[in-house]
Amino acid sequence: MAALPKRIIKETERLVSDPVPGITATPSEENLRYFEVTIDGPSSSPYANGVFQLELYLPDDYPMCAPKVRFLTKIYHPNIDKLGRICLDVLKDNWSPALQIRTILLSIQALLGAPNPDDPLANDVAEDWKKDEKKAIQIAQEWTQKYAVKKD
Amino acid sequence: MSKIPRNFKLLEELEKGEKGLGAESISYGLDNQDDITMTYWNGTILGPPHSSLENRIFSLKIVCDETYPDKPPKVTFVTSINLPCVDSKGNVIVPKFDTLKNWKRTYSIETVLLELRKTMASPENKKLTQPEEGTLF
């Protein structure tokens, strides 16, 4: 494998030495461009108390193109589809090399706190959300309990 | 080139398949849209012209287990077909199909389907007697 760019090494070091509260990102031993990620659901959201697992990959073109990120934990959210794919502007057109892994993960955490049913990826969820927000929030809470809360 | 992890490779393949960006003579997608592991896929191949399979549509099942893409997927015809590289249950026989036998990490589900279609159209196979159209294994 080609040597890991300095930028990625630096970002990885900082993620470990100065972690973001509520977020972990651990590079895989076999592939230093591939990270296991966890994001805590924001406390004021239907995802509170949930710990969501994600995976992140830095493609060869990184940082000229955005990291690839996907939820592995099932989540009921209008901007995240059944396969865990995320609809977020900074992962697509609004990516800039000035952003980093940590800013992307913070943006995803913020997306959990502010679902945007007007720019949906999971169309059925977005429709439910617009029709009956209270009920949608309740389902999101139920899914969080079912799939994202660690049981002892 | 770094090694793209399984899930992100399959996500790329899925996007290409969903958007129909690939060849027109084949198609593929997830068998179940909820399958977060992206293991079970289905595919179709349009029988190649000037062969005994012309205009027929062949359905296949493709299984990409956790060893994919380091190891090739398991490929099975659902629609009956008579080909030297397909056994009596529809399974594509790895040693008899070069794409699976000499598998490379850069290959994809699309590669498999296109290469199968080429095999169907090859001079030694294109005139083979085929089961009645529409029968299943």
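Everything quoted here is computed from the prediction, not taken from an experiment. Residue numbers start from 1 in every chain, and the chains themselves are labelled A, B, ... in the order their sequence lines are given, proteins ahead of strands.
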Heavy-atom check, side chain of [X] versus side chain of [Y], under 4.5 Å:
{"X": "Gln33(B)", "Y": "Asp81(A)", "value": "no"}
{"X": "Tyr57(A)", "Y": "Ser2(B)", "value": "yes"}
{"X": "Glu55(A)", "Y": "Phe8(B)", "value": "yes"}

Enclosure of [X] [atom1] (heavy-atom neighbours >12, cutoff 6.0 Å):
{"X": "Asn49(A)", "atom1": "CG", "answer": "no"}
{"X": "Lys92(A)", "atom1": "NZ", "answer": "yes"}
{"X": "Lys74(A)", "atom1": "NZ", "answer": "yes"}
{"X": "Glu36(A)", "atom1": "CD", "answer": "no"}

Would Leu11(B) and Lys68(A) count as a side chain to side chain contact (heavy atoms under 4.5 Å, CB included) if you check the C-alpha gap in whole Å, the side-chain angles of each, and the deciding distance to 0.1 Å? CA-CA 10 Å; Leu11(B) 283 173; Lys68(A) 312 252 181 212; over 6 Å; no
For residues 120-132 of chain B, which side-chain donor-acceptor pairs fall under 3.5 Å, sequence neighbours excluded?
| from | atom 1 | to | atom 2 | distance (Å) |
| --- | --- | --- | --- | --- |
| Ser122(B) | OG | Thr119(B) | O | 3.0 |
| Ser122(B) | OG | Asn125(B) | ND2 | 3.3 |
| Asn125(B) | ND2 | Thr119(B) | O | 2.9 |
| Gln130(B) | OE1 | Asn82(B) | N | 2.7 |
| Gln130(B) | NE2 | Asn82(B) | O | 2.9 |

Heavy-atom pair with the smallest gap, counting every atom of [X] and [Y]:
{"X": "Ile36(B)", "Y": "Lys82(A)", "value": "CD1-O, 3.9 Å"}
{"X": "Arg70(A)", "Y": "Asn7(B)", "value": "NH2-ND2, 3.2 Å"}
{"X": "Leu83(A)", "Y": "Leu14(B)", "value": "CD1-CD2, 3.2 Å"}

Under a single-linkage rule joining Ile, Leu, Val, Met, Phe, Trp and Tyr whose side-chain heavy atoms are separated by less than 4.5 Å, which residues share a cluster with Ile57(B)? Leu46(B)
